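What you see is a predicted model; the values in this text were computed from it and never measured.
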Amino acid sequence: MNIVIVESPAKAKTINKYLGASYEVLASFGHVRDLPAKNGSVDPDANFQMIWEIDPKAAGRLNDIAKALKGADRLILATDPDREGEAISWHVLEVLKEKRAIKDQKIERVVFNAITKQAVTEAMKNPRQIDGALVDAYMARRALDYLVGFTLSPVLWRKLPGARSAGRVQSVALRLVCDRELEIEKFIPREYWSLVATLTTPRGEAFEARLVGADGKKIQRLDIGTGAEAEDFKKAIEAANFTVTTVEAKPARRNPQAPFTTSTLQQEASRKLGFAPAHTMRIAQRLYEGIDIGGETTGLITYMRTDGVQIDGSAITQARKVIGEDYGNAYVPDAPRQYQTKAKNAQEAHEAIRPTDLSRRPADMRQRLDTDQAKLYELIWIRTIASQMESAELERTTVDIAAKAGSRLLELRASGQVIKFDGFLALYQEGKDDDGDDEDSRRLPLMSEGEALKRQDLAVTQHFTEPPPRFSEASLVKRMEELGIGRPSTYASILQVLKDRGYVRLEKKRLHGEDKGRVVVAFLENFFARYVEYDFTANLEEQLDRISNNEISWQQVLKDFWVDFIGAVNEIKDLRVAQVLDALDDMLGPHIYAPREDGGDPRQCPSCGNGKLNLKAGKFGAFVGCSNYPECRYTRPLAADSEASADRILGKDPQTDRDVIVKAGRFGPYIQLGEPKDYAEGEKPKRAGIPKNTSPSDIELDLALKLLSLPREIGKHPETGEPITAGLGRFGPFVKHEKTYASLEAGDEVFDIGLNRAVTLIAEKIAKGPSGRRFGADPGKPLGDHPTLGGVAVKNGRYGAYVTAGGVNATIPSDKTPETITLPEAIALIDERVAKGGGKPKRGAKKAKAAAKPAKTEAAADTTTPKPAKKAATKKSAAKPKSGAVSKARAPVTAKTSPAKPAPAAKTPAKKSAGKARG
């Protein structure tokens with residue numbers, strides 16, 4: 001028997017069918033181990049040894065794999081073909097070695113770029129060993145992200161109350177958004193005028209020409225700066241005679257774009273389909289894992305995390321065949337097109353994203369896919385086919401026109417182009433982030449030199465320069481890629497973290513920097529400037545890429561980073577919060593204190609009149625307050641909320657003809673169908689909540705109707721026959737079957753999630769064990785352990801969400817959410833509750849606290865009481881992993897010790913750790 005390990009159960013089922021009875025394919029469900037969310041998981045003083053902890057949800061699956069290995073001949077590690085996939089294979093192998101489940105079985109690593117029978121069977125013929133360099137690169141990135149998050153985030157909490165977290169790449173991406181906000185605020189509009197004449201040829205054909213020169217001088221776009229200047233030119237043009245002076249026609253070719261990489265797919269799906277990057281990747285994952293075609297599950301696209309733009313030769317041959325069949329031989333270029341990546345380090349030389357079989361045309365697949373899957377598949381198919389089509393042939397024409405008005409000579413110019421052969425444009429044209437008026441795309445009538453023209457109209461228009469546009473999700477991903485920040489697998493998660501933390505908000509498809517995010521960036525730029533510099537982050541990414549190429553030691557990269565980083569952290573340890581706030585107050589002054597209309601001091605307190613406004617910090621973040629506190633208690637947020645609170649009618653519901661209204665309620669905005677007067681007595685209007693991270697101003701009629709349609713039935717469960725529904729709850733979108741609720745993951749859409757995906761989510765929730773059980777009290781979402789009270793969990797109570805440990809409950813404040821609250825934040829809330837005398841710790845927790853109390857003697861003051869280790873964990877050896885087998889040493893997790901406190905009622909200190917912080 002051969003045991004094959006893949007990540008997902010859907011993939012396991014498919015590949016088992018491909019390989020037959022002599023293979024058993026098991027799923028790891030992704031990563032099985034990670035660094036524990038506490039201090040000491042990476043030890044810089046011990047050559048960056050790492051403590052790895054098995055995910056409780058993975059323990060049972062690893063036991064199943066170990067049992068299956070008994071009597072097996074081979075262990076085949078077939079996880080994804082990228083750095084993360086390599087790391088998962090390595091982790092699984094190391095755990096199995098620790099369990100002594102590996103005897104004399106042969107260990108092999110196989111990779112395939114597509115889930116098709118041909119790709120999988122071919123991969124099985126070409127096994128290799130685990131790539132130690134890729135594992136090193138994974139460990140270096142994971143250690144860096146951990147060290148930055150667990151070192152910088154606590155500094156943020158202490159020096160900047162209300163801040164959530166900082167990450168290695170996350171903070172730099174946030175800086176991009178906030179720097180753009182600063183550019184917009186500092187922007188001063190400049191007035192300029194344009195003069196565009198509508199002229200006609202002797203044959204009566206009209207076209208437009210712009211004023212570009214006068215009296216021998218060129219006129220640039222901003223040169224006409226006043227209405228008086230524009231009026232002067234207007235009079236001259238109205239009195240002028242027009243003659244064609246030159247007609248210049250130049251041939252041009254436009255080549256197609258390369259097939260999709262992860263980055264370009266996210267950008268184009270955002271522009272053309274309106275998909276968030278996380279949603280794009282979720283849909284792409286489903287297309288990669290495949291659907292049932294002819295009784296066999298087949299992947300529809302190749303692996304979707306890649307920097308490569310090249311595609312397999314057989315796919316190119318098939319693309320050329322499809323082009324000839326659908327468009328004719330004129331659209332097939334003489335030679336196949338070959339593309340080379342512009343990225344500095346294409347990720348492990350993967351293929352571009354393409355359909356696995358180009359003969360599966362989008363029209364044929366629509367009936368087999370849900371709406372979003374069909375849209376994304378069509379986009380990938382079109383881009384792939386277009387990349388192998390003939391170039392478009394254009395003719396660009398420029399016509400210069402003399403306008404003679406008495407002694408004055410003015411110059412006008414008309415530009416346009418004609419498509420002589422459309423080539424790939426017949427199928428595809430790449431979208432733009434910021435559309436503008438493209439004069440060159442206009443078609444001009446036929447003209448010849450010396451020909452007289454007549455003026456039909458003249459448009460004199462006042463303009464003002466506009467600030468640079470805010471980033472869309474697509475343009476931010478593009479900018480990050482240009483700067484070399486992040487990698488294909490991280491773009492979507494970085495954007496999601498920034499939104500979840502409340503650092504940015506997405507409004508009308510543009511990313512707005514929130515005050516909370518701007519304060520964090522200002523703090524980092526003041527005290528950790530080097531670590532949010534674009535070049536520094538890009539250079540560090542290059543170093544990490546060199547590790548994956550086996551060019552440099554991963555420990556050396558970490559050492560070089562850590563020495564300077566910990567030095568910068570130590571430098572600000574003694575700074576008081578007031579000093580930090582003063583520095584941020586100066587830096588953010590133009591943003592916080594807008595100029596007053598009367599020209600007065602923008603920092604003057606509007607309440608007492610003689611106090612000075614300055615930046616202050618509270619439990620829930622930064623705010624503006626008066627210097628005369630406590631005599632004057634004036635406060636305000638950093639920026640006033642501009643969102644309208646009035647009701648807004650979106651339109652009519654086509655089924656009931658009732659108004660669909662966005663209303664402002666006590667507990668926030670919501671959507672309502674009609675007014676009470678529209679309903680029979682005793683009947684209430686239907687309401688729907690507005691999803692998290694969605695601004696009420698962004699809600700339009702189509703979205704509102706979708707929200708009002710929830711909960712909706714997706715279909716019947718294939719085993720029970722009971723309905724599965726999708727809905728939106730307090731903790732976000734979910735699917736429900738009988739008494740099992742499963743939250744939707746990033747990228748899942750509550751409005752169109754399909755039955756197969758819903759069944760998978762329900763199955764995964766049940767497989768999680770106690771936290772996924774269908775009956776009994778809600779155990780909540782576990783976060784980790786409190787130093788003295790045991791397990792900490794997030795629960796949903798009658799009066800809202802709360803955290804609990806050892807019988808002590810603490811309400812989650814409004815600036816935090818159950819989905820994003822971290823273990824240290826939860827511990828701090830619980831400790832605060834205990835200090836106020838609230839809560840009744842359970843008997844076991846009381847005994848634990850009593851055991852930790854010192855004896856009432858002088859000698860006891862010098863003793864320490866180490867907490868027994870709960871379980872053993874493993875440390876990553878500092879040695880470089882060898883191919884196929886990386887040695888690991890088991891080491892107990894030693895509890896921290898501290899001097900006993902003489903006062904038993906002292907407040908329990910919050911544990912100095914941060915939630916998992918990924919760059």
Just jot down the ring-ring contact (aromatic ring centres under 6.0 Å, His included) partners of [X], sequence neighbours excluded, or say none.
{"X": "Phe471", "result": "none"}
{"X": "Tyr741", "result": "Phe734"}
{"X": "His717", "result": "His737"}

Working note: Ile494 + Val477, criterion side-chain contact (heavy atoms from CB on, under 4.5 Å); need CA distance, chi angles, decisive distance, verdict. CA-CA 10 Å; Ile494 288 168; Val477 167; over 6 Å; no
Report yes if the side chains of [X] and [Y] come closer than 4.5 Å at any heavy-atom pair, otherwise no.
{"X": "Leu265", "Y": "Leu376", "result": "yes"}
{"X": "Arg712", "Y": "Leu710", "result": "yes"}
{"X": "Val803", "Y": "Asn809", "result": "no"}
{"X": "Lys684", "Y": "Pro676", "result": "no"}
{"X": "Met124", "Y": "Val4", "result": "yes"}
{"X": "Glu749", "Y": "Asp372", "result": "yes"}
{"X": "Ile649", "Y": "Val660", "result": "no"}
{"X": "Thr79", "Y": "Glu86", "result": "no"}

Show your reasoning for whether side-chain hydrogen bond (donor to acceptor under 3.5 Å, both in side chains) applies to Thr490 and Ser493. CA-CA 5 Å; Thr490 64; Ser493 60; 5.5 Å; no
For [X] against [Y], the heavy-atom pair lying closest together:
{"X": "Leu701", "Y": "Leu650", "result": "CB-O, 4.1 Å"}
{"X": "Ala37", "Y": "Leu823", "result": "O-CD2, 4.1 Å"}
{"X": "Ala758", "Y": "Ile714", "result": "CB-CD1, 3.9 Å"}
{"X": "Leu511", "Y": "Leu495", "result": "CD1-CD2, 4.1 Å"}
{"X": "Val759", "Y": "Pro718", "result": "CG2-CD, 3.7 Å"}
{"X": "Leu708", "Y": "Ala688", "result": "CD2-CB, 3.9 Å"}

Would Glu473 and Lys499 count as a salt bridge (charged side-chain N to carboxylate O under 4.0 Å, His left out) here? Give the steps. CA-CA 11 Å; Glu473 290 184 298; Lys499 290 187 284 187; 2.8 Å; yes
[X]/[Y] ion pair, N-O < 4.0 Å:
{"X": "Asp370", "Y": "Arg757", "answer": "no"}
{"X": "Glu514", "Y": "Arg501", "answer": "no"}
{"X": "Lys652", "Y": "Asp659", "answer": "yes"}
{"X": "Glu507", "Y": "Arg510", "answer": "no"}
{"X": "Lys663", "Y": "Glu675", "answer": "yes"}
{"X": "Lys375", "Y": "Glu378", "answer": "no"}

Distance, nearest 0.5 Å, that separates [atom1] of [X] from [atom2] of [Y]:
{"X": "Arg354", "Y": "Phe260", "atom1": "CZ", "atom2": "CZ", "answer": "15.0 Å"}
{"X": "Phe275", "Y": "Glu268", "atom1": "CZ", "atom2": "CD", "answer": "12.5 Å"}
{"X": "Ile301", "Y": "Thr356", "atom1": "CD1", "atom2": "OG1", "answer": "9.0 Å"}
{"X": "Ser28", "Y": "Ile65", "atom1": "OG", "atom2": "CD1", "answer": "6.5 Å"}
{"X": "Tyr303", "Y": "Phe112", "atom1": "OH", "atom2": "CZ", "answer": "10.5 Å"}
{"X": "Asp55", "Y": "Glu53", "atom1": "CG", "atom2": "CD", "answer": "8.5 Å"}

With Glu745, which of Arg286, Arg282, Lys765 fulfils salt bridge (charged side-chain N to carboxylate O under 4.0 Å, His left out)? Arg282
Evaluate Tyr679 against Leu673 for side-chain contact (heavy atoms from CB on, under 4.5 Å), listing each step before the verdict. CA-CA 10 Å; Tyr679 290 80; Leu673 181 60; 3.8 Å; yes
What residues, two or more places apart in sequence or in another chain, satisfy salt bridge (Lys or Arg N to Asp or Glu O under 4.0 Å) together with Lys509?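 Once residues adjacent in sequence are excluded, Lys509 has no partner under the salt bridge (Lys or Arg N to Asp or Glu O under 4.0 Å) criterion.
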Pairing residues for Glu7 by the salt bridge (Lys or Arg N to Asp or Glu O under 4.0 Å) criterion, not counting sequence neighbours: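 If we apply the salt bridge (Lys or Arg N to Asp or Glu O under 4.0 Å) test to Glu7, skipping adjacent residues, the hits are Lys11.
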No-hydrogen, no-angle side-chain donor-acceptor test under 3.5 Å, Ser263 and Gln266: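 Gln266 and Ser263 do not have a side-chain donor-acceptor pair below 3.5 Å.
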Please check this pair: side chain of [X] against backbone of [Y], looking for a donor-acceptor N/O pair closer than 3.5 Å.
{"X": "Trp381", "Y": "Leu358", "answer": "yes"}
{"X": "Glu700", "Y": "Asp702", "answer": "no"}
{"X": "Thr14", "Y": "Ala10", "answer": "yes"}

Ring of Tyr288, cation from Arg305 - is the NZ or CZ under 6.0 Å from the centre and inside 45° of the axis? no
Which residues pass the side chain to side chain donor-acceptor pair (under 3.5 Å) test with [X], not counting sequence neighbours?
{"X": "Thr298", "answer": "none"}
{"X": "Thr656", "answer": "Asp653"}
{"X": "Arg383", "answer": "Tyr428, Glu430"}

Step through the shown structure and confirm whether more than 12 heavy atoms of other residues, nucleotides or ligands are within 6.0 Å of [atom1] on [X].
{"X": "Lys117", "atom1": "NZ", "result": "no"}
{"X": "Lys272", "atom1": "NZ", "result": "yes"}
{"X": "Glu683", "atom1": "CD", "result": "yes"}
{"X": "Lys13", "atom1": "NZ", "result": "no"}
{"X": "Glu713", "atom1": "CD", "result": "yes"}

For [X], give me all partners under side-chain contact (heavy atoms from CB on, under 4.5 Å), at least two apart in sequence or on another chain.
{"X": "Asn16", "value": "Val25"}
{"X": "Ala352", "value": "Pro259, Ile311"}
{"X": "Arg368", "value": "Ile291, Ile293, Met365"}
{"X": "Ala27", "value": "Pro9, Ala12, Phe29"}

